[in-house]
Amino acid sequence: MRQFIRKNIWAVAPVVLVLMALALLGSPLSSKVQETPAEDDNLIVVGVAQVGSESVWRSAHTQSIQDAFTRANGYMLIFDNARQKQANQIKAIRSFISQQVDYIVLSPIEESGWDTVLQEAKDAGIPVILIDRKVSVDDDSLYASWVGSDFVREGQDAGYWLEDYMKKQGREDDEVNIVVLKGTKGASATIGRTRGFNEVAKVQRNWNILQQVDGEFTTAKGKEEMARLLDQYEDIDVVVSQNDDMTFGALEAIREAGKTAGVNGDITVISFDAVDAGVELVRNGEINIDVQCNPDQGKYVEQIIQDMEAGKEIEKAYYVPERVYTQENVGEEENVTEGISG
């Protein structure tokens, strides 16, 4: 089961023998011989192909993975940052296969284009667990399970909040001009949040979605696109920004345009992710609503692996607990459960 580790042991064996000989001769190099790799023989080897480090949320997501797959917990983690390139992820997966890891964890940059490499992993007998984002494949047996957020529901939550908010403001019959800053093209979060919000928006006869533009999930692109939209449209009532990093950039553009945002502002701001800085802006009233996308997913993947190691049956999909932040509830205690739902 641990061929990868055992091969490494044999590879370093000659070096260990030389160092032991030097130690007998009193060489100062002997002080560097602390332990042999034999202690790794029982570790579960996990290869992780991460999207990148494009946002504060992604950094927290990566940290949750690294916290879960430690040596203390019984794992050897091989981590790869794809830097937003699908080709890099495919290359990483093939490297994991050649190293004969025990499990592959993949957060796919895009949903499509995975059939071939996931088939290679399946043929090698290596289970693939998806985290955060999903894949679109002809055969869903190419991956063992998925852990992440219900992105469609997140988009719906944002739409339902706006509907209720306009009613409370006595503006349910007013024309509402909306712009949307979308995330990375082809990403599950982008697809799901767009679909969910649009499902609510299409039944609102007075909601006008002026444009939906690609903001790439980054602060710089969010600011650039928001500035362009403000130049193009004189009357923007609502900005829907599909992650906090784009929202931070959009808020800069709004301020530089001489407008205000958030509670009692010129432009209502709907954001997603609910990173600490985003929640603080909700508290301050600069963001009206922040729909949480829980980044703490590593521990749930680790539990799936433990279940698989124990021969237990696992679900095909697990949703992590999440909540919606507004200024009214931001100070309240978390009211979500710790478990994941299948």
Side-chain angles (χ1 to χ4, degrees), residues 1-2 4-5 8 37 39-84 88-89 92-93 95-97 99-109 118 121 125-135 143-151 187-189 243 273-276 292-323 334 336-342:
M1 184 177 180
R2 305 285 184 261
F4 167 77
I5 300 298
N8 278 334
E39 296 181 5
D40 292 343
D41 199 29
N42 292 321
L43 295 179
I44 299 172
V45 185
V46 179
V48 175
Q50 178 61 288
V51 169
S53 51
E54 76 284 357
S55 65
V56 175
W57 187 93
R58 185 64 57 187
S59 297
H61 188 249
T62 292
Q63 189 63 54
S64 80
I65 294 169
Q66 294 173 337
D67 289 345
F69 296 109
T70 64
R71 287 177 176 268
N73 288 343
Y75 299 92
M76 173 179 284
L77 173 63
I78 306 175
F79 185 89
D80 185 87
N81 181 332
R83 304 186 187 282
Q84 295 289 325
N88 289 345
Q89 287 194 312
I93 292 172
S95 175
F96 297 154
I97 294 170
Q99 294 177 77
Q100 300 178 34
V101 302
D102 296 310
Y103 295 90
I104 292 173
V105 177
L106 168 65
S107 180
I109 293 172
L118 293 187
I126 302 173
V128 175
I129 300 171
L130 305 178
I131 185 171
D132 175 32
R133 301 178 180 182
K134 296 181 178 180
V135 296
Y143 65 93
S145 187
W146 167 85
V147 172
S149 302
D150 188 338
F151 297 122
S188 296
N243 85 333
D273 281 359
V275 301
D276 289 345
Q292 184 186 35
C293 182
N294 188 351
D296 191 17
Q297 299 175 4
K299 61 185 179 184
Y300 299 118
V301 175
E302 197 267 339
Q303 183 58 57
I304 290 172
I305 289 177
Q306 287 299 316
D307 287 345
M308 293 179 72
E309 288 285 299
K312 296 180 181 179
E313 187 175 347
I314 61 170
E315 300 286 341
K316 198 65 178 179
Y318 295 93
Y319 292 103
V320 296
E322 295 176 332
R323 64 178 294 189
E334 295 282 350
V336 295
T337 59
E338 284 297 315
I340 49 177
S341 59

| message | Working to the nearest 0.5 angstrom, can you tell me the gap between Y300 OH and S145 OG? | response | 14.0 Å
| For Y318 and Q297, does a side-chain donor sit closer than 3.5 Å to a side-chain acceptor? | no
| remark: For S59, the side chain to side chain donor-acceptor pair (under 3.5 Å) test, sequence neighbours excluded, returns none
| Contacts of D80 that satisfy side chain to side chain donor-acceptor pair (under 3.5 Å) - sequence neighbours left out | none
| request: Considering non-hydrogen atoms only, spot the tightest contact between L106 and L118 and give its length. | output: CD2-CD2, 4.3 Å
| Measuring from T70:OG1 to Y75:OH, what's the distance to the nearest 0.5 Å? | 9.0 Å
| field | Single hit among V45, V46, V48, I93 for side-chain contact (heavy atoms from CB on, under 4.5 Å) with I104 | value | I93
| note | In this structure, CG of N81 is separated from CD of E54 (nearest 0.5 Å) by 9.0 Å
| query | With distance as the sole test, does S188 use its side chain to make a donor-acceptor pair with the main-chain N or O of R133 at under 3.5 Å? | reply | no
| query | Shortest non-hydrogen contact from S55 to N243? | reply | CB-ND2, 3.9 Å
| message | Between D273 (side chain only) and C293 (backbone N and O only), is there a donor and an acceptor less than 3.5 Å apart? | response | no
| field | N/O donor-acceptor pair under 3.5 Å between S107 side chain and Q50 backbone | value | no
| note | So CD of Q63 and CG of D296: to nearest 0.5 Å the spacing works out to 10.5 Å
| field | Test item: Q89 side-chain N/O and I109 main-chain N/O as donor-acceptor pair under 3.5 Å | value | yes
| query | Strictly by modelled atom types, are Q99 and S95 linked by a side-chain donor-acceptor pair under 3.5 Å? | reply | yes
| said: Quick one, I65 and I131 - any side-chain contact, counting heavy atoms below 4.5 Å? | reply: yes
| CH2 of W57 to CG of D132: how many Å apart, nearest 0.5 Å? | 3.5 Å
| What's the spacing between M308 CE and I304 CD1 if we round to 0.5 Å? | 8.5 Å
| What's the shortest heavy-atom distance between M76 and R71, and which atoms? | CE-NH2, 3.6 Å
| query | So, does N73 use its side chain to make a donor-acceptor pair with the main chain of A68 at under 3.5 Å? | reply | yes
| note | Nearest heavy-atom contact between P127 and G125 is CD-O, 3.6 Å
| query | W146 versus V135: any side-chain heavy-atom pair under 4.5 Å? | reply | no
| field | Any donor-acceptor pair under 3.5 Å from N294 side chain to E322 backbone | value | no
| task | Return yes if some donor-acceptor pair links the side-chain N/O of K316 with the main-chain N/O of Y143 below 3.5 Å, else return no. | result | yes
